[in-house]
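Reading through the C-alpha cells given below for one structure.
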Amino acid sequence: MAEEHRIAVPRVKLGNQGLQVSKLGFGCMGLTGVYNDPLPEEIGISVIKHAFHKGITFFDTSDVYGADHANEILVGKALKQLPREKIQLATKFGIIKDESGNMGVKGTPEYVRSSCLASLQRLDTDYIDLYYAHRIDRSIPIEDTMAELKKLVEEQKIKYIGLSEASPDTIRRAHVVHPIAALQMEWSLWTREIEEDIVPLCRELGIGIVPYSPLGRGIFGGKAVVESVPENSFLVSLPRFQGENLEKNKILYNRLEKLAEKHGCSPAQLALAWVFHQGDDVAPIPGTTKVKNLDNNIGSLNVKLTKEDLNEICDVIPIEEVAGPRVHEKLYRHSWKFADTPAKDKKTAT
C-alpha cells in the first residue's frame, strides 16, 4: 500500500491564466448525499478539514448538490475554520430542477449573476476562485453566458471561469469571450471519450483539466464489487452499475486488482495514479465520506508509473469491454457528446 503520510501534495498550474491548485482536489458532493446518506454536518466539516491538513487545497462544490443547497452551506462553514487565502474554491451554476425533480439547464445572464450572488452568500465568502457553468444552456449563445461571467471577473466576485461538459465548439467560442481556466469532465480508466478531441483542444488553448469521477464513480475503489451500494444511491440509476453490465464490469475491477498487487498499491490508488499521469495540467477531484479513503487517495500520489505501466493498465481495462453508457438517457441530453450528436439521434436520446 502506498504510504500517504510521507507525501506532500504537489501544486500544479491549472491552465495558463494563473490558477494554481493542489494536484489532488476534493469533490465535496458526496458529503451531503447522492452516493450515500448525508453525513452529519460536523462529520462533513471534519472530512474537509482533514483533507486540507493533509495538503489538499482545491475543493469542489455546486449550488445543486444536496437538498436546499446543503453542500455549499457545508463547505462555507468548513471554510470559516480554515485559512481562506490558502484554498481554491470551485462551485458551479446552471443545473435547475423542476418540482418533479427533472433536470434542466439555465445560463441566461440574469441567472448567472443571481446564482453567483446566492452562492457567495451560502459559502459566506467574498469571492469564488473558480466558477463553472455546470452544464451548457444550448437555448442561448454561449457568448451571452460568458459575457456575464466576464463581468463577474471584472467585479472580482470570481477569479477564474470554468466550463463543465462542454463540446469542442462551445469551448472555442467561450474562450474567445474570456479565457477559460479549467474544464471539468468525467475522465477515468473506463470513461475516456475526451482524449480524442477535448484534451488536445484544452492543451492548445491553455485550459486545465479537472477530471470528475476519476475512480469510475467508485467502481475502482471497490464500490459495488467489494462494497455494497445503498438502495437510495445515485449509482443504481447508472447503466454501468446495473444487472449484466455490472457483472461484466466487475471483471474489469478484478483485473485491476491483480495489477495493483504488482505495484504494491490498492486498485483505487492505481486507477487514480493513472489519471495523475495524464499530464501536469490535470487535477482530479475524487470525493469520499471516509477519511481512510481520503488518505488512500493521497497515497496514490506516491505510485510512480512508466509509459509501459500506463499502457498495461489500459490493456487490462480496454474501453471496448466497458459495459453500458456512462450516464442514463435523461442525463445524456446534457452531456457534451449530445451537442455533437446528429439531430435524428438526439430524438432517441431524449
Side-chain angles (χ1 to χ4, degrees), residues 27 29-30 33-37 64-65 95 101 103 134-135 164-165 184-196 198-199 209-260 266-275 278 284-290 293 296-297 300 313-341 345-346 348-350:
M29 180 178 72
V34 182
Y35 293 120
N36 300 282
D37 292 328
V64 78
Y65 295 161
I95 292 180
M103 176 180 159
H134 204 162
R135 293 293 183 271
S164 180
E165 292 287 342
Q184 186 173 135
M185 303 290 272
E186 185 170 355
W187 194 9
S188 70
L189 275 172
W190 75 352
T191 301
R192 301 180 57 187
E193 294 95 334
I194 70 169
E195 293 177 7
E196 183 176 353
I198 298 284
V199 172
I209 305 169
V210 179
Y212 73 84
S213 299
L215 294 176
R217 299 188 184 271
I219 188 77
F220 299 123
K223 202 77 171 180
V225 182
V226 296
E227 291 185 20
S228 60
V229 176
E231 291 183 3
N232 62 344
S233 174
F234 173 67
L235 293 178
V236 299
S237 70
L238 299 178
R240 292 180 178 177
F241 287 85
Q242 296 174 346
E244 186 177 336
N245 287 344
L246 178 58
E247 295 309 309
K248 291 179 179 179
N249 291 329
K250 285 180 179 181
I251 296 172
L252 303 180
Y253 171 84
N254 292 333
R255 291 179 190 166
L256 188 70
E257 186 176 43
K258 290 182 180 179
L259 189 58
S266 70
Q269 287 176 325
L270 189 59
L272 195 51
W274 179 88
V275 177
Q278 298 310 303
I285 50 168
T288 182
T289 59
K290 301 174 183 175
N293 290 344
N296 194 52
N297 290 343
S300 63
I313 293 169
C314 291
D315 287 342
V316 301
I317 311 288
I319 202 67
E320 62 272 12
E321 290 187 23
V322 177
R326 69 183 178 101
V327 293
H328 53 71
E329 289 184 354
K330 288 184 178 180
L331 288 181
Y332 174 73
R333 75 180 73 178
H334 301 298
S335 73
W336 71 274
K337 274 287 187 180
F338 186 75
D340 300 317
T341 301
D345 294 333
K346 288 184 179 181
T348 61
T350 58

Identify every side-chain donor-acceptor pair in residues 314-322 under 3.5 Å, counting partners at least two apart or on other chains, and give the distances.
from: Glu321; atom 1: OE1; to: Arg255; atom 2: NH1; distance (Å): 3.0
from: Glu321; atom 1: OE1; to: Arg255; atom 2: NH2; distance (Å): 2.9

Q: Please round to the nearest 0.5 Å and tell me the distance separating atom CG of Leu270 and atom CG of Leu259.
A: 5.5 Å
Q) Which distance, rounded to the nearest 0.5 Å, do you find between the OH of Tyr212 and the OG of Ser188? A) 10.0 Å
Q) Measuring from Leu246:CG to Ile219:CD1, what's the distance to the nearest 0.5 Å? A) 6.0 Å
Q. By side chain to side chain contact (heavy atoms under 4.5 Å, CB included), which residues pair with Asn254, not counting sequence neighbours?
A. Val225, Glu257
Q | 4.5 Å side-chain heavy-atom contact, Gln269 and Trp274 | A | no
Q: Carefully, step by step, assess Glu186 and Glu193 under the rule side chain to side chain contact (heavy atoms under 4.5 Å, CB included).
A: CA-CA 9 Å; Glu186 185 170 355; Glu193 294 95 334; over 6 Å; no
Q: State the CD1-CD distance between Ile194 and Glu165, to the nearest 0.5 angstrom.
A: 9.0 Å
Q) Does any non-hydrogen side-chain atom of Trp187 lie less than 4.5 Å from one of Ile198? A) no
(Q) Rounded to the nearest 0.5 Å, what separates atom CH2 in Trp190 from atom CZ in Arg326? (A) 12.0 Å
Q.
Is there a side-chain contact between Gln184 and Ile285 in this structure, where contact means two heavy atoms from C-beta onward sitting under 4.5 Å apart?
A. yes
(Q) Looking at every non-hydrogen atom in both residues, tell me the closest pair between Gly216 and Phe241 and how far apart they are. (A) O-CZ, 3.7 Å
**Q.** Partner set under side chain to side chain contact (heavy atoms under 4.5 Å, CB included) for Ala271, not counting sequence neighbours
**A.** Leu189, Leu215, Phe220, Leu256
Q: State, to 0.1 Å, how close Gln242 and Val236 come at their nearest heavy-atom pair, and which atoms those are.
A: NE2-O, 2.9 Å
Q. Closest approach of Asn245 and Pro239, non-hydrogen atoms and distance?
A. ND2-O, 3.0 Å
Q: Verify the distance criterion only: is there a donor paired with an acceptor across the side chains of Ser266 and Asn296 at less than 3.5 Å?
A: yes
Q: Mind running side chain to side chain contact (heavy atoms under 4.5 Å, CB included) on Met185 and Ser164 for me, showing each step along the way?
A: CA-CA 6 Å; Met185 303 290 272; Ser164 180; 5.5 Å; no
Q.
Can you give me the closest heavy-atom contact between Tyr253 and Gly221, atom names plus distance?
A. CE1-C, 4.4 Å
Q. To the nearest 0.5 Å, what is the distance between CG (Leu238) and CZ (Arg217)?
A. 5.5 Å
